[in-house]
Amino acid sequence: MSTNAKPYKETLNLPITKFDMKANLTVKEPLFQARWANQDLYGQIREARKGQEMRVLHDGPPYANGEIHMGHLLNKVLKDIVVRYLTMRGYDSPYVPGWDCHGLPIEHKVAKDLGSKAAGMAATEIRALCQVEAMKWVGIQRDQFKRLGVSGDWDHPYLTLDRRYEAGILDVLADLVEKGYVFRQLKPIHWDIHDRTALAEAELEYEEVTSPSVFVLFPFKTGMPSALGDGPWSAMIWTTTPWTLPANVAIAAHPNLDYVGVRFVDPTTGKTIQAVLAAALVDKVLSLRGITEVTEVARFKGAELESSTYQHVFLPRTGRLVMADYVSAEDGTGLVHTAPGHGAEDYMTGQKYGLPTLSPVDATGRFTDEAPDWLVGKGVFVANPEVVAKLEELGVLYHQMPLRHSYPHGWRSKKPVIFRATAQWFISVEHQGLRAQTLVAINGVRWLPSWGKSRIDAMVGGRPDWCISRQRAWGVPIPVLTCELTGYQHLTATSVRFYRDLFRNEGANAWYSRSVAELVPPDLDTTKYPVENLTKGTDILDVWFESGSSHRAVLDEPTYGLNRPAYLYLEGSDQHRGWFQSSILTSVAANGVAPFQTVLTHGFVVDEHGKKMAKSGGNAISAVKATEQYGADVLRLYVASMDYAEDVRMSEKGIKEASEAYRKIRNTFRYLLGNLEDYASFDPASFEVADLQEIDRWMLGQLNALIRDVTAAYETFDFYRASQRIYQFCSVDLSSFYLDVLKDRLYAEAAQGAERRAAQFVMAKLHETLVTMLAPIMPHTAEEIFDLTPRSATKPASVHLAYWPTPDPSFEDAELAARWDTLREARESILVALEGLRKEKEIGSAQEAAVAIVTSDAKLAQLLESNRATLLTICMVSDLVIVHRSGEDNQKLTVHASKSTHLKCERCWNYRQTVGGSARHPSLCDRCVRVLAAFTSEA
RNA sequence: GGGCGCAUAGCUCAGUUGGCUAGAGCGUACCCCUGAUAAGGGUAAGGUCCCAGGUUCGAGUCCUGGUGCGCCCA
């Protein structure tokens, strides 16, 4: 008999499964995706949840340009996890992905490809090329998002270039026009005087140039700080753009900086000069002309200058001193020449103080007749020396010198650009208290993390009016007709709605392709403004206005089947300034309420050192390549394992660690499936709960706790808590404990016996629960597992149609759980003792050992004694005795382990006293003899 | 320069209202098993809790100031 160990092995119930240990995700995932597409799983889910409470995660549209990167992956995977979870919880949670298709980067790309040809092309032609470019990337990104396993209505996404969407944008605009939010105002923008075109920040290239820098004395008129005493005093300003002096209306100082009034003698003219400038810059400025003798007359804070006025040096204009935080004592004089028509900061300050925005310069960079006579018709750069000469002539030029500095140039013309004020369209944030209303609406939204609220609060609270016009071709036109004779501009709610309907039928291209006569809206009086005098506006809307209108264009659009307000907006934290803000502003202005109930933000993907991940930085991991190499489920598990509220660190090492975690989870399922292979034929209705052993009940109690914890984590979008909890459960509670302990029962007991069936009952529960709770994170693997799940007749067609698990109250047992804590502690001590024996080469497996526990704690001894059989089982040792020694002071237990003196059962490998008790099976223990007897009779 | 954040073992995370001899899993090292086997089990080592002050009997936890990193703005 000693030679036929093999036949005994064949009487064991060893695991069998078709579920491969090797995931092979890169091959399998596309197959599952194809299958889901074929069976229209997304449609099935919609159908299954029809009529249930709706929870819409409204997709923020990524820009249709370039391949997806890790930031996209993070964002889309988080969204998909949310949507899948909500669906399993029974909500109707549709997901309509979108793309932001208009805007500068695409137009810029097209213009670059066209080169010099672009100049002569019609807007319609450029727009057609832009559309092709945008749609190309929509296609590419869509495939890449789908490859990540993101579930949604990919065949019907929303596109901002879609006719319906364009109409939606104008619908919002019409509301805002109707309510009086939209107005026109001058604003300085970057202007290329060579190409006669407006430029965006992204179209500027900075190059070194030499400019004439001048120090100019502007005489104070009134309100100077009293410490200065009697005048005359001058404010000394410094500028590198003398040509902007005709537009000077103010001088800016920093309120907290120290300023001084100094008296010195001009070494050339011998005249005494009294000038005010920043205290920190006096020595530097005077040394420019070698002046060493100086008297400080007074010293004061910049704030004291606020009420003073001055006389413009060559214009009959009184300017005023204003306060600005951007003023520094780094260079210049600490007093900044301010021309709101010729600078971005100047403009902001001008808005704050209600200063006029002067810009007496035409599109070619020549002074208009609003400028002084001696400048009219001259180009601004040509005029620089003339302005300097004039200053000198007037005796207000303290000093001049050439300065080498970086200056913006047009990307195409390569020529220096200027700031020039042009009329732009704005949305007033003060009109009808829009700012205040928005702040109230912000207060009613749930911001996650909570600091998101203070962030957007500060941004909305401090933002200026919203400039919504752009001088570009690729976007939705601001549909305004201008009468060239009178200058009248027609933009009314009626006209905008007229174009809305037109765009809905023909798209925004109609504005460019149709004649003016065809575009006359019903409320425009052509007797007053004859058609021949009308021209079409060439401005388009800011793309943030476009995407910010998605609550109207998408959520309110019946064809998408969504609703408003959205349950959730989920984007990176940069969108507090971007989409969240543009959305809530337009929504509050148009509808009076926020478009979302909850706003969840995530951080940015950074590298392993916490540095930003950038293509140019050489530290970027390609999302597309990583997916091809590791599989979407691994990356999804990786994303789900990190707290995205902060920056998300991603590295090759991290992905490898995620792969290991994935394999551990996968193997746990493989083991569950391997032992459930014959469970399909088992009727669970015939199962007696009473057959469950104590460890099984304990396990089901643990599973309840797991369900509760994981559900709570999903509810608060803390997926990392969920995935880590599940992972540790698989590793600690299952693999290294419960499933390990279960082996003896699963393998050695009778296949159909109550002992093994009880174990399988628990394993089936574990399997079913875990696969459901993991499905949002690893949808492909979950489906693969679900396919192989026993009792396939009653289960849904896909795990993604299943419902979220709930704890089973019948397995709540606090007494049992507490007792098991003690038992597991005892087990820990026993394992340490076994390791000692192993080191001494006394034993290999635990089964070879016999253990004695000694304790002076009577209660503990009693508890252990009454659970002796259980403890024996969970430690997998062959023998166990508990000794209570009352005299000793070892309160804790002591473990004595030794090699078992029993013989090894050839079938179950336990060392038992009963081995040899059967004549028929002399190498087996009594249990195996009993099982074999039944086995034989069954067969 | 300003606003909003973040900083605990190699990695990912725990550490309620200040009481910690700072925990978990993974990874690592070593060992066992060979009936989950490109698997499984065990044991162990690993931290001046970013730095410097302060409050307190006591601070990873509170305050102040730095440093580094991210987003947004200038």
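Below, chain A is the first sequence line, B the second, and so on; all start at residue 1.
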Quick one: label A:M876 by what it contacts on the DNA or RNA (base, sugar-phosphate, nothing), any heavy atom closer than 4.0 Å. nothing
Does B:A14 have OP1 or OP2 under 4.0 Å away from a side-chain N or O of A:Y720? yes
Taking A:M699 as the fixed residue, which of A:V762, A:L742, A:V741, A:L739 is the one that meets the side chain to side chain contact (heavy atoms under 4.5 Å, CB included) rule? A:V762
Ignoring backbone atoms, establish whether A:S731 has a side-chain N or O less than 4.0 Å from OP1 or OP2 of B:C26. yes
Give the nucleotide from the list B:G35, B:A14, B:A38 with an atom nearest to the side chain of A:L12. B:G35
Considering only heavy side-chain atoms of A:R838, the closest of B:U12, B:C32, B:G35 is B:C32
Worked check of salt bridge (Lys or Arg N to Asp or Glu O under 4.0 Å) between A:E784 and A:K28: CA-CA 9 Å; A:E784 185 185 359; A:K28 282 187 197 155; 2.7 Å; yes
Under 4.0 Å from OP1 or OP2 of B:C32: is there any side-chain N or O of A:K841 that close? yes
Establish, with yes or no, whether the OP1 or OP2 oxygen of B:C69 is under 4.0 angstrom from a side-chain nitrogen or oxygen of A:K612. no
Nucleotide nearest A:P15 when distance is taken to its side chain, options B:U37, B:A36, B:G5: B:A36
Nearest-Å distance once atom C1' is located in both B:U8 and B:C50: 10 Å
Do we get A:R756 above A:Y679's six-membered ring, with its NZ or CZ under 6.0 Å from the centre and within 45° of the axis? no
